[in-house]
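The next block holds one structure in the form of structure tokens; read it before the comments.
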Protein chains: 2
Amino acid sequence: MLSGKFAISVHILTLLTKFPNDYLSSEFIAGSINLNPVLVRKEIANLKAHNIVESKEGKNGGAKLSKAAANITLKEIFEMTFENIGLGYAKNQPNPDCPVGKKINQNLDDLYKEMNQKICSQLEGISLEDFSAQF
Amino acid sequence: MLSGKFAISVHILTLLTKFPNDYLSSEFIAGSINLNPVLVRKEIANLKAHNIVESKEGKNGGAKLSKAAANITLKEIFEMTFENIGLGYAKNQPNPDCPVGKKINQNLDDLYKEMNQKICSQLEGISLEDFSAQF
DNA sequence: CATACTGTAATAAATTATGTTACAAATTTA
DNA sequence: TAAATTTGTAACATAATTTATTACAGTATG
């Protein structure tokens with residue numbers, strides 16, 4: 001998963017923000033996203049690993065935010081779900097004997113690095129609380 | 001093709017910039033990218049459709065820039081190869097009976113729209129000539 | 001007229017993303 | 001303590017997307 005990860009995580013977290021006192025089951029969440037509950041649990045596992053969600057097994061179990069939505073920014077979520085953004089690389093090793101082939105990925109990297117900074121500064125300004133308040 | 005399109009197009013265009021007076025064959029270009037020549041020709045077809053490249057069939061044919069590299073920005077290339085950037089959507093139709101499901105894609109869209117603007121303004125400041133000069 | 005290209009279609013292979021099934025372990029509730 | 005419900009996770013299956021290959025008609029060059 002790469003494309004949907006951020007969107008799914010934001011969706012999950014928005015739901016958790018809307019019900020801050022409940023443990024929401026993967027089945028309930030999956031019903032809103034229209035996604036398989038196992039995939040929801042996998043995303044939750046990732047969010048747990050990053051300490052913004054906690055979960056409870058067993059009957060009436062589920063997931064719940066482990067910190068206030070006001071203290072979580074979209075930037076953090078972005079960083080938990082994307083290595084970094086970019087417009088792609090040549091997948092194959094470009095020809096190292098060609099001056100262009102030799103440096104293309106490095107130069108693309110530099111470009112994408114700057115792109116990431118801009119995006120991060122945008123996302124840093126939006127808290128999960130802000131985002132959730134739009135619903 | 002979505003991931004590699006921008007990177008491949010930039011690679012092609014950088015080569016064309018380096019040899020502004022020659023028609024470069026898809027085979028030559030493919031040798032630098034390490035990609036199948038047919039895929040190179042497909043990307044070139046796209047660049048031709050956007051009028052920044054011209055090509056010649058037959059012996060000693062190939063592709064060539066149709067305008068000065070100084071007058072092509074990375075933003076244009078971005079727009080020729082990406083619909084728009086974003087961090088993905090829930091692929092399935094989210095549940096319209098859930099207030100979050102109902103609006104999630106709209107709200108993500110708004111977020112991504114702003115992201116695109118930032119990226120476009122970055123890319124607009126870099127010409128193909130600038131980019132190619134790094135090699 | 002032989003050669004070396006493009007353009008494009010059709011198809012295949014590889015990769016990645018998404019979905020499903022299954023089940024052990026945990027927790028609640030009766 | 002037993003039944004019910006839920007997580008966590010692995011293994012596997014399917015679907016979608018990307019990348020590669022083959023093939024060949026058409027076109028320009030020399």
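Within the structure, every side-chain polar atom (N or O) of B/S26 is placed at least 4.0 Å from both OP1 and OP2 of C/dC5. OP1 or OP2 of C/dG7 has not a single side-chain nitrogen or oxygen of B/R41 nearer than 4.0 Å. In this structure, B/N36 reaches the D/dT21 phosphate: one of its side-chain N or O atoms is under 4.0 Å from OP1 or OP2. Within the structure, a side-chain polar atom (N or O) of B/K48 is placed less than 4.0 Å from OP1 or OP2 of C/dG7. Side-chain nitrogen and oxygen atoms of A/K56 include at least one within less than 4.0 Å of the OP1 or OP2 phosphate oxygen of C/dT28. When the side-chain nitrogen and oxygen atoms of B/S25 are compared with OP1 and OP2 of C/dA4, none of them lie within a distance under 4.0 Å.
Summarising the geometry, the separation between CD1 on A/I44 and P on D/dT6 is reported as 13 Å, rounded to the nearest angstrom. In this structure, B/K59 atom NZ and C/dT6 atom P are separated by 14 Å, rounded to whole Å. Put simply, NZ on B/K42 is 8 Å from C1' on C/dA9, counting in whole angstrom units. Put simply, NZ on A/K5 is 13 Å from C1' on C/dT16, counting in whole angstrom units. Rounding to whole angstrom units, OH of residue A/Y23 and P of D/dG8 are separated by 11 Å. One can place CZ of A/F6 at 19 Å from C1' of C/dA17, the figure rounded to the nearest angstrom. We find that NZ of B/K64 is positioned 18 Å from P of C/dC5, with the value rounded to whole Å. When the P atom of C/dG7 is taken as reference, atom CG of B/N46 falls 13 Å away, rounded to whole Å.
We find the CD1-CG distance between B/I12 and B/L24 to be 10.5 Å, quoted to the nearest 0.5 Å. Annotation: the span from A/E114 atom CD to A/I119 atom CD1 amounts to 11.5 Å, rounded to 0.5 Å.
Looking only at atom types and distance, the side chain of B/K48 has a donor-acceptor partner in the side chain of B/S55 under 3.5 Å away.
Of all the heavy atoms in A/L16 and A/A63, the pair that sits closest is CD2-O, 3.4 Å. For the residue pair A/C120 and A/F78, the shortest heavy atom distance occurs at SG-CE2, 3.7 Å.
Each of A/E27 and B/N60 was assigned the nucleotide of DNA chain D with the nearest heavy atom; the assignment lying further toward the 5' end belongs to A/E27. Taking for each of A/L24 and B/E57 the nucleotide of DNA chain D with the nearest heavy atom, the 5'-most of the two is the partner of A/L24.
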